[in-house]
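Remember, predicted model here, so these are calculated numbers, not experimental data. FYI, side chains are in, hydrogens and waters are out, and symmetry mates aren't considered; it's all heavy atoms of this structure.
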Amino acid sequence: MNIDIKKQTRVIKENLFSSPVSTLLTFITSYIMISFFRGMFGFATAPDKDWLSVLNNMQLYMVQAYPESDFIRIWICVGLGFIFSGLSVGLWETEEKTSLSKLCLTFSKIVSGIIFLTIIAPTNSVVVSTATGIREQVEVFSYAERIPLLSILIGLLVVFFLISKINLSFNKSLLVSIYLFVPIILLWIMKIPTIQLDSENQRVFPDPLMPIANSTKIPWTLIWISFVVAYLVGVYFKNKKQFKNAVSISWVLLPLLIFSWIFKKPLIDLNELIRNDIPVFIGFLLIGVLTIYLINNKIVEKFYSYYLGFLVVVTIASLFLKVILLVKAALLLLLLFSAIIPAVSTSAKGKRSLTIVWIVSLTTTAFLLEGGTSTTQIVVPGSSIFGGFSLTWLLAIFGTYVSFPLGVLLALGRNSSLPIIRGVCTGIIELVRSVPYITWLFFASVTMAVFLPDGVEFNLIVRVLIVTAFFSGAYFAENIRGGLQSIPKGQFEAADAIGMNTVQKTSLIVLPQALRAIVPTLVSSIITSFKDSSLVTIIGLFDFLTIGRMVIGNQSIPINFIGHDRENLLFIAFVYWIFTFTLSRRSMKFEKRLGLGER
Amino acid sequence: MVKLLSKIGAFFRNVVVLKWAVQFIFLGGLIALIFNYLNIAVGNLANTNIAFSWGFLGETPGVSIAEGLYTLPKSGLQMLQTGMLNMLRITVTGIIAATFFGTILGIARLSNNYIVEKTATSLLEVVRNVPLLVQILFFQALILSLPRLEVYDVGSVLFHASSKGVALSWPNRQDGAWMFMLYFLITLYISNRVYKQRVKLLEEQGRETKPFLWSLSALVILFAVGWYGGYRIVGIIGFVSGFISQGLEVLPGIFYQILLSVVAGYISITSVRKQISSKRSGELQGKYSDDDYFKMIITIVIAIVFIALMFAPVGQGIAKFLVGDEPTFKSDWGLPQFFGGISNALDWSITGAPYELNMAEIEQVGTTKFKKYSTEVGKSLTVGYFATWLGVVIYTAIFISEIVRAGIMAVSKGQSEAGLSLGLRRSSLLRLIVLPQAVRIMLPPMGNQYLNLAKNTSLGIAVGFPEVVAVGQTLYNQEGQTLPVFLIWMIFFSTVSLTLSTIVNYYNRKLKIVER
Amino acid sequence: MNKKAIVFLLVFAMVIVACGDTTEEVAVEATEEEHDHEDESTLEQVQERGFLKCGVSTGATGFTEVGDDGSYSGFDVDYCYAVAAAIFGDYSKVEFKQLTSAERFTALSAGEIDVLIRNTTWTQSRDTELGNDFGPTTYYDGQQLMGRVADGLSNSSTVADIDGLRVCTNAGTTTEKNITERVGLAGGTIQLITVEAFSEAIDKFIAGECDIVTTDGSGLVGRRAVNDALNDWVIFPTSPISKEPLGPTYRSNDSQWADIINWTVYATIIADEYGVTKANVDSADLEANPELGRLFGANDGELQTKMGLDAKAYYNVIKQVGNYDEIFSRNLNPLGLYREGGDNDRWADGGLIYAPPAR
Amino acid sequence: MSIIEAKDVKKWFGDFQALKGISMEIQEGEVLVVCGPSGSGKSTFIRCINRLEQHQEGSIIVDGIELTNDIKNIEAIRSEVGMVFQSFNLFPHLTVLQNITLAPTWVRKKSKSDSEQKAMELLERVGIPEQANKFPGQLSGGQQQRVAIARALAMEPKIMLFDEPTSALDPEMIKEVLDVMKELAKSGMTMIVVTHEMGFAKEVADRVMLFDDGLMVEENTPNEFFDNPKNDRTKLFLSQIL
């Protein structure tokens, strides 16, 4: 014990007080940090801050005016997201083990941190009193509150210390579900003041204590349960490569599904479903599977080119004929698959993977069409589209979605050996990049309408997505170009020497190598999109930030929140931080693992 | 017949033909697309009664601007100029500050001191993960939560911050400041020459010539001479530009159109000639590839288009601008005005110290009870300026700190070992080995960050800072001309980006050559 | 079968799949709209679509507000509801589009919205240059300034008194130009800080960054009622420095649509004149008041049907939304804006709210 | 009949003339070794044969097809001519097997099972069948170069070009690559080999050529070339290299 303390002191001395300058720096930095924290704490807890303006508008923040009767769609989408996360966590589970004592150590560290912060928290804060208009010191965190809190925290510390004696180790990936479990339990037990209106639409004072958002308790709990189940399923199928592939593909397709099912409300005509869609679906499923399994048969192989020719003709014809859209899409998909089937389905393993991919893509296509072609939009009372946090994510994910292919094309163009194409692509990239995003957003909001033909009208969100496609596409193009340039010249020469043409060279040799190099960039670019999407507030789209700084500060009926935008701003900053921080941390870890696996 | 057909087939299978056919089809499609959209735009504009015109540049917008060159602009052009200068002001000071803070933060992150390192890291994690716009809004809220500027806050202060903004003591420019600045640049050049001269002497004669001391003393002496009136020697330049200005006033607009056309023609012809002669060396009679022909043709085509544009309304507009045609644009940036401005600024009859160190002053507005920060004495920053500046500087500094850290880390390992094995001391190791190489690694990403900073200043629009985007928006709200304003934004930002990247590339190349 | 063709198809299909979602969306919208625009009148478009697209503000206390569940309320919003009630007999068939001041006219002329009810000032240039027409004024406003008594201002202060001060206002409106011009005429200069939303201007005023804040009188009164606990704020000059008649705006060249909007507004005014409210509209004596009878469709509602509406259209407006006085007091009285003695009082009581007779 | 016929081939890079008129004929089944100092144009010449570089004057006729700008001819010649590079140029994102089967499936349009079978045969021939499912990065340099040879052979070419195949290898690996090449030469493949491995030239070459400064200085049988060179430049070159 004695030695331990000595060691600790030495570590502290080495790290903090190694030289006079270092000592001085230590004190100065600590002072700045503590006073910054005290200032922030005072700012946040001052009595003129009405944090209920944040809590009461949570629904507005999340989905804006999306109708409550259709919330089930959003829950399903969020649930799907969590199920896939659970599957992924299970499938790519790390072997790292952690023990209960380690976990408790982490928790006790956090609790000690909170204890420290509680001790240094300020007692008073300066506010302008509304009654007298004079600045005055107001008590924000009295000792009467502080001491019980401290004793609870110390109690927790003791509990953690005791638990840490239990010797129990479990897998690190399992931690995620524990971390998710904590807020869900809190949802059931925590009670906070909530705004209630009486029969005359007047706010009831004092605000009664209610559990946090009653309506979300059950969905979140269900989602947590499905997460855990998905995790277990993932662990079970850990060694199935096909399953992993299917999950990866589903991740790419999931946003499309969410998009079509959140915005569209398909009229499901059971009759037509049974008579048309299901037979078509099953028919194509069978044709695809048969092709996969039979195509390399010696007898069938001879007729492959006839089959393909027939398929091309039928597909082209179907595009112009009046047949149901599912047939068109399925034909196109089948054609796409048939072109690659003979090359992939030579081994039993290849056949199995291909079958899974075929089923997943056909099913998704069918679902997408059901949602996507439906003309019935969700009727949102108020706005044509939902907003808030959902919009922020929509812009981030679809910004990446639409900009990625464009970025690839621009990068290829810029790297092309053809001078005109290279010039044009370079011009587009440089022009788009040199101008700030906000001016492009203005272009979308006020100028683009001028360029649209008479009668064609895009929703502002679609216009913003178009502009985002170009803007982040140009940035993508630069990143991909980096990947392209890292490919040695010899690769092109070798491809030439074995007689490949330009398209084959690009799709088989160049892009696979270039894209692998930019996977990390993809994640960071989603993060950037997520952050950049906050700029749409300036053109009046109702994203997360707009609601906090423009809408809530204007509410006067029936509850008055006029002028309470600082607490909302702080809340928004916090939410953005939580999301980007965790995302970037996860991606960093993922990257590390990816890198280790490859080398 | 068959022969002919096969010949035609062979022609279309020719690689060169294919290559150019693909490109021209692409180009044709692109031009058709652009033309189509322009057509639609023209039609739509006609429908909405807003004809595309640049007229608003000359008209008085009737709106005042919070800060900048012209707070009550007489023309749309002046208004945009004000926004541009505001944007440049924040960009230039921001780049300097962000580099400074970024370097400090980067070094702090490599520090052995636990608290310093953790503080820098947590600052990084907070700033990097919150949208810049939210940060700028937050800084604005922070400044607005400061006390009001009260009645009793009057007089001179060293530093003052209130909800009205920030006031600092500042060396204020006097009449001779521009001359002194120019003089100082010349001084810097001279002392640099002295340094190089002494180094050369050292190398030739092998004796200690103290180059650093020499150049420093040259700098100090020249500076002192300049400060007490010596700077007036620069007045010669002002005198000359006065003549130039008078001469330019006589010239009609057509002169500039012709001049620019001739320059364009000359440049294109010389470059084509250069290309031709490069393949014409003696007996090694070179062959031109299709790309070479293309380059020549495109050079000529660009020149012809440029010349044609020079005599179209665009060229007339440019010429009018250069002539400084008062009634058209009410611009002060025409060439005669420009040289006139130089001759006014660099006038040798100006006396007195070029700069005067002033305390910030809080003054009374007229006879009312209102107080404001003096804009004449000291330096006053508005809330919008301060919030935007702080936002972009901290945001960029964080990214720069990552670059600095990565740069130093990339070099330090093997190179430090090599340096130490040569017997270099730690300080000289950093100065001679690590930094020169790290800077070379750091420069390209730094350039990108500078560009981002320049572009991010446009977020000032959210806190009422009148930079070019905000001003442009106000302008088209008044006049309805969104398209021209958008074009001006594009040209302006492209120019800024191009200039910045040219500067960065210049240094990049210079450092590279030095390395070899 | 040539393999090159397959590769081409593959790439083509990839491109389609890659941009599938947007193109599909675009195509659907494009066809819809093309279909819509085949010389159909706005009314037909709206009826076919099944709901009204109404452009409102991004947030103006009392005029357009968004509740905690995303529901809309406010003076302008109620007029959107009224138009929907007239067309469909169901006030809730409205889709609101919140527009910034910069994009509102573009949105209107591009057909993104059917009618713009977004505290928009009726000016000559907007009426002539932008291809819009203006409906009857629903709210007579005027630009005023607000300062503090503590700073030595009073309601007898004038524009000349603000020489050299820092003034905050919101962007994209006529206010920037008005204040600059008026101060210029009075021989002074100001430092004008323009922010996007009025709430930010007020924040700056409260914090003390700005000495004066200026916008339409309604906005000032509303915010003073809510934020000025000390009774320190004063609005001046008494007669506004500008005229700001606010009302609905629609595309020109569609007189049927214009009639519908105009008479929806007039119906609320006429109902107010007769004292017919949401509550008593069913018991209104239509026989005794033939004007009301015509308006509410008692005798076949010939005039309404000629407009292309249901005979009961304006009855529905009053039944579901209320008369002018109800709309006004419901939304603006809580903010301290009252009709009595102002421009927005009934014409009989000396105000400007006047409707042509329904005959 | 000669399988490759080059007449007065000239090539410029900008204003630098790399080939100053090369003429030669190669018979089917012949093994030709080209040597010469670096920058003498030997690599450029063999790269001209399968159009990795474009010659500007003169003519090259491969197997009766003239190499012109006609894309059909280029494609035809490229599938007749296999090439092995100094830096192997294997595709790092594909396994050894995929590297070999890529061209047959996509260019020759063969079914995957056939080309895989063929690939395994070729891997046997170059002596590394056990490496089929590894990635190139996991192989040694000699193994990589043998895979590269197998990849070129998979297209069943009539002519093989070797551009300094051993100069990026360690001495012990050189041997294993040269053994494969010798075996190939004995099987009757037409080969043009740019190399400095004089032992190889002595053993298997039918003819040896020396390039200098864009010109072919000497062409001779190996014995004559090494024992009794005609040209002074050859003597100088041999004295430096041996």
So [Y] and [X], do their side chains get closer than 4.5 Å, heavy atoms only?
{"X": "A:V424", "Y": "B:L30", "answer": "yes"}
{"X": "A:I538", "Y": "B:L133", "answer": "yes"}
{"X": "A:R433", "Y": "B:N448", "answer": "yes"}
{"X": "A:S434", "Y": "B:K455", "answer": "no"}
{"X": "A:M33", "Y": "B:S122", "answer": "yes"}

Segment of [X] engaging chain A (4.5 angstrom heavy-atom cut-off):
{"X": "B:N452", "answer": "side chain"}
{"X": "B:V126", "answer": "both"}
{"X": "B:F294", "answer": "side chain"}
{"X": "B:F138", "answer": "both"}

Can you tell me how far the [atom1] atom of [X] sits from the [atom2] atom of [Y], to the nearest 0.5 Å?
{"X": "B:I115", "Y": "A:I28", "atom1": "CD1", "atom2": "CD1", "answer": "12.0 Å"}
{"X": "A:L431", "Y": "B:S497", "atom1": "CG", "atom2": "OG", "answer": "9.5 Å"}
{"X": "A:I438", "Y": "B:E467", "atom1": "CD1", "atom2": "CD", "answer": "9.0 Å"}
{"X": "B:L132", "Y": "A:K531", "atom1": "CG", "atom2": "NZ", "answer": "8.5 Å"}
{"X": "A:W440", "Y": "B:F486", "atom1": "CH2", "atom2": "CZ", "answer": "4.0 Å"}
{"X": "B:Q473", "Y": "A:T439", "atom1": "CD", "atom2": "OG1", "answer": "11.5 Å"}

For A:V435 and B:M490, which heavy atoms make the closest approach, and how far apart are they? CG2-CG, 3.6 Å
Given side chain to side chain contact (heavy atoms under 4.5 Å, CB included), test B:E125 with A:R585 step by step and report yes or no. CA-CA 10 Å; B:E125 290 295 359; A:R585 272 296 153 94; 3.0 Å; yes
Among [options], which has the most heavy-atom pairs under 4.5 Å with chain A?
{"options": "B:I298, B:V496, B:V134", "value": "B:V134"}
{"options": "B:N39, B:L142, B:V485, B:L483", "value": "B:L483"}
{"options": "B:L137, B:V116, B:L27, B:L498", "value": "B:L137"}

Answer yes or no: does atom [atom1] of [X] have more than 12 heavy-atom neighbours from other residues, nucleotides or ligands under 6.0 Å?
{"X": "A:F470", "atom1": "CZ", "answer": "no"}
{"X": "B:Y114", "atom1": "OH", "answer": "no"}
{"X": "B:K19", "atom1": "NZ", "answer": "yes"}
{"X": "B:N112", "atom1": "CG", "answer": "no"}

Can you tell me how the ring of A:F442 sits relative to the ring of B:Y476, calling it parallel under 30°, perpendicular over 60° and tilted otherwise? perpendicular
Under 4.5 Å from a heavy atom of chain B, the part of [X] involved:
{"X": "A:M448", "result": "neither"}
{"X": "A:L418", "result": "both"}
{"X": "A:T537", "result": "side chain"}
{"X": "A:L25", "result": "both"}

Show your reasoning for whether side chain to side chain contact (heavy atoms under 4.5 Å, CB included) applies to A:R566 and B:L144. CA-CA 11 Å; A:R566 276 175 213 176; B:L144 288 185; 3.8 Å; yes
Run the numbers on A:F451 and B:I40 for side chain to side chain contact (heavy atoms under 4.5 Å, CB included), then give the verdict. CA-CA 6 Å; A:F451 290 99; B:I40 292 169; 5.6 Å; no
Can any side-chain N or O of B:N129 pair as donor or acceptor with the backbone N or O of A:F579 at less than 3.5 Å? no
Checked A:S584, A:P436, A:S22, A:S30 vs chain B; the most non-hydrogen pairs under 4.5 Å come from A:P436
Contacts of residues 570-578 of chain A with chain B (heavy atom under 4.5 Å): A:L570, A:I572, A:A573, A:Y576, A:W577
For A:T26 and B:N113, which I'm curious about, is there any donor-acceptor pair between the side chains at under 3.5 Å? yes
